Amino acid sequence: MKGLKAWLGRVVEAECPPTTVIAFNLGLFETEEGCCAYLTGARRFDPDDDDWACDEAFTPSERYFPLDRTPTGSEDWGYVRQQVIEALKAFLVSDVGRHSFLAKAEAVTVGFDDGDLFRVQ
């Protein structure tokens, strides 16, 4: 996803979430223009209950990132989610990413607001 890694880089360099925030979710939702990503942090993580991500304890000032349309111009949510997962994985192994609060978190997930969350870390 074009620009997603740069956005994450800006967020992790500009923000310092409270130490009580242990898990982060890269949420996704559909808009009239396509899809959008946003980052939140929570004080708890439960691998068996995705509602942990609704208990927002951290939101960065640059919270939202509009995503590029899919190559076909349609919004295939499965394709979008997979591309975001791959971009997040690439970010987490980058120089900036591996030293970030995301890399130190107990869990980092990706998912559409009305769907399942997929654990990336």
Side-chain angles (χ1 to χ4, degrees):
M1 296 250 104
K2 186 177 178 182
L4 185 68
K5 291 189 332 186
W7 170 66
L8 289 170
R10 289 191 306 273
V11 169
V12 301
E13 290 189 3
E15 303 283 346
C16 186
T19 56
T20 56
V21 174
I22 62 165
F24 296 89
N25 180 52
L26 192 55
L28 304 169
F29 63 93
E30 293 181 87
T31 69
E32 290 183 12
E33 293 80 34
C35 291
C36 190
Y38 65 95
L39 183 66
T40 62
R43 290 186 177 96
R44 67 181 187 93
F45 171 71
D46 185 342
D48 299 319
D49 181 7
D50 288 346
D51 285 344
W52 68 266
C54 297
D55 298 332
E56 296 177 6
F58 167 76
T59 55
S61 57
E62 190 179 351
R63 182 175 183 178
Y64 298 101
F65 182 77
L67 300 171
D68 294 335
R69 289 204 172 272
T70 62
T72 62
S74 67
E75 294 308 320
D76 175 351
W77 63 268
Y79 175 84
V80 171
R81 183 187 62 214
Q82 190 57 41
Q83 291 301 302
V84 170
I85 288 170
E86 294 305 318
L88 179 56
K89 285 180 179 179
F91 174 76
L92 290 170
V93 298
S94 71
D95 288 339
V96 173
R98 72 173 162 252
H99 299 292
S100 70
F101 59 79
L102 292 173
K104 297 171 185 166
E106 181 178 326
V108 180
T109 61
V110 171
F112 275 90
D113 286 351
D114 293 333
D116 294 331
L117 299 183
F118 291 83
R119 190 171 182 178
V120 175
Q121 174 178 303

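Quick caveat, the model's predicted, so the values are computed rather than measured.
The shortest heavy-atom contact between E106 and F45 is OE2-CD2, 3.8 Å. Residues E56 and A53 approach most closely at CG-O, 4.0 Å, considering heavy atoms. Nearest approach of A87 to L4, heavy atoms of both residues: CB-CD2, 3.6 Å. Minimum heavy-atom separation, K104 to H99: NZ-O, 3.5 Å. Nearest approach of W7 to E62, heavy atoms of both residues: NE1-O, 3.0 Å. In this structure, G97 and A103 approach most closely via the heavy-atom pair O-CB, 3.2 Å.
Note on I22: it does not cluster hydrophobically with L88, by side-chain heavy-atom contacts below 4.5 Å among ILVMFWY residues. Residues I85 and L8 are members of one and the same hydrophobic cluster, defined by side-chain heavy-atom contacts under 4.5 angstrom among Ile, Leu, Val, Met, Phe, Trp and Tyr. Taking hydrophobic clusters as Ile, Leu, Val, Met, Phe, Trp and Tyr residues chained together by side-chain heavy-atom distances below 4.5 Å, V21 shares a cluster with L92.
Below 30°, between 30° and 60°, or above 60°: for F29 and Y38 the angle between ring planes is between 30° and 60°, a tilted geometry. Ring geometry, F24 versus F101: the interplanar angle falls from 30° to 60°, so the pair is classed tilted.
Between L117 and W52 there is a side-chain heavy-atom pair separated by less than 4.5 Å. Between D50 and D116 the shortest side-chain heavy-atom distance falls below 4.5 Å. Residues V12 and F91 form a side-chain contact, since some pair of their non-hydrogen atoms from C-beta on lies under 4.5 Å apart.
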Verdict with reasoning, L28 to C35, per side chain to side chain contact (heavy atoms under 4.5 Å, CB included): CA-CA 7 Å; L28 304 169; C35 291; 5.9 Å; no
Applying side chain to side chain contact (heavy atoms under 4.5 Å, CB included), run through E13 and V96 and close with a yes or a no. CA-CA 8 Å; E13 290 189 3; V96 173; 3.6 Å; yes
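Across T109, V110, N25, a single residue satisfies side chain to side chain contact (heavy atoms under 4.5 Å, CB included) together with R119, and that is T109.
One finds the CZ atom of F65 at 12.0 Å from the NZ atom of K5 (value rounded to the nearest 0.5 Å). For the atom pair E15 CD and S100 OG, the distance stands at 12.5 Å (nearest 0.5 Å). How far CZ of R81 is from CG of L26: 12.5 Å, rounded to the nearest 0.5 Å. Atoms CG and CD, from D114 and E30 in turn, are 9.0 Å apart once rounded to the nearest 0.5 Å.
The backbone N or O of V93 lies less than 3.5 Å from a partner atom in the side chain of R98, making a donor-acceptor pair.
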